[in-house]
Amino acid sequence: MAARIVEVEAYLGRRDPASHAYRGLTPRTAPMFGPPGRSYVYFVYGMYHCLNVVTERDGVAGAVLLRGAEPLAGFDDISPRALAGPGKLARAFGLTTQHTDLDLVRSILSIRDAPVVPPSRVVRSARIGLSEHATTNKPWRLYVRGSSGVSRP
DNA sequence: CGAATGATCCGA
DNA sequence: CGGATCATTCGA
């Protein structure tokens, strides 16, 4: 299965109140503090999984949440919006917490290079789904304008 | 140990 | 806007 990533959000560490890493390293968030290029998958609301890409160097927390994608191959008769949203994206790929802390270059779960998206097609906005206490108003959500894989255009 | 709380989604 | 539904985390 393959899909094109069209929506992401950045989460930092101790400086970002919306980040799972805000209150320091815990067993669940350990991958966020590990080396970059690996996965961080967590379980929320008792029914959804979300996939992140760890981005900062070993010892520094930081990750990018994959919030939306367009199905490319291997999805049999799937709706175009079936990967629009972090929970839906993870479900479409059958991801669970078993898939946390995987090498995203060499494991079964990998991210490949893709054609550059022209800056004119990239939209920046505030992140979605944060409580008031955690909100930062920073434009750390990026998505491809007009894509059907975006959760909330 | 108990209680609160989500980086969500769907349906009314 | 409310409910589903449970692992994780924090406070006592």
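The shown structure was predicted, so the numbers you read here are calculated from the model rather than taken from an experiment. Side-chain atoms are counted along with the backbone in the values below, which use heavy atoms only and exclude waters and symmetry mates. Below, chain A is the first sequence line, B the second, and so on; all start at residue 1.
- Straight-line distance from the CD atom of A/Glu9 to the C1' atom of B/dT8: 12 Å, rounded to whole Å.
- Rounded to whole angstrom, the span from the CG atom of A/Leu65 across to the P atom of B/dT8 amounts to 7 Å.
- The separation between A/Leu51 atom CG and B/dT8 atom P is 14 Å, rounded to whole Å.
- As a whole-Å value, the separation of A/His133 NE2 from C/dC10 P is 13 Å.
- Contact annotation for A/Ser151: no contact, since no heavy-atom pair falls under 4.0 Å across all strands.
- For the pair A/Glu132 CD and B/dT5 P, the interatomic distance rounds to 14 Å; values are reported in whole Å.
- To the nearest angstrom, P of B/dT8 lies 11 Å from CZ of A/Arg152.
- For B/dA7, there is no paired nucleotide, since no Watson-Crick or G-U wobble pair has both relevant distances below 3.5 Å.
- Here A/Leu130 lies in heavy-atom contact (under 4.0 Å) with sugar-phosphate atoms only.
- Taking atom P in both B/dA4 and C/dG3, one finds a spacing of 16 Å when rounded to whole Å.
- Nucleic acid contact for A/Gly46: base, since at least one base atom lies under 4.0 Å from a heavy atom of the residue.
- Note on A/Arg127: nothing from the nucleic acid sits closer than 4.0 angstrom, heavy atoms only.
- Under the 30°/60° scheme for interplanar angles, the aromatic rings of A/Phe43 and A/His49 are found to be tilted.
- Residue ring and nucleobase are stacked for A/Tyr45 and B/dT8, with a centre distance beneath 5.5 angstrom and an angle between planes beneath 30°.
- Figure legend: cation-pi geometry between A/Arg127 and A/Tyr11, with NZ or CZ positioned under 6.0 Å from the six-membered ring centre and within 45° of its axis.
- In terms of polar N and O atoms assigned as donor or acceptor, the side chain of A/Tyr42 comes within less than 3.5 Å of the base of B/dA7 in a complementary pairing.
- Between the CE atom of A/Met47 and the P atom of C/dG2 there is a distance of 17 Å, given to the nearest Å.
- At a cut-off of 3.5 Å, with distance as the only test, no side-chain donor of A/Ser147 or A/Glu7 sits close to an acceptor on the other residue.
- Along DNA chain B, the nucleotide closest to A/Arg91 and the one closest to A/Ala134 are compared, and the more 5′ of them pairs with A/Ala134.
- Following rounding to the nearest Å, A/His20 (NE2) and C/dT8 (P) show an atom-to-atom distance of 12 Å.
- The hydrophobic clustering, which links ILVMFWY residues whose side-chain heavy atoms are closer than 4.5 Å, places A/Ile111 and A/Leu89 together.
- Taken together through direct or relayed side-chain contacts under 4.5 Å among Ile, Leu, Val, Met, Phe, Trp and Tyr, A/Tyr45 and A/Tyr42 form part of one hydrophobic cluster.
- Nucleotides B/dT5 and C/dG2 are separated by 16 Å at their P atoms, to the nearest Å.
- The shortest distance between the side-chain N/O atoms of A/Arg28 and the OP1/OP2 oxygens of C/dT9 is below 4.0 Å.
- Looking at which nucleotide of DNA chain C each of A/Phe43 and A/Tyr48 is closest to, the 5′-most match is held by A/Tyr48.
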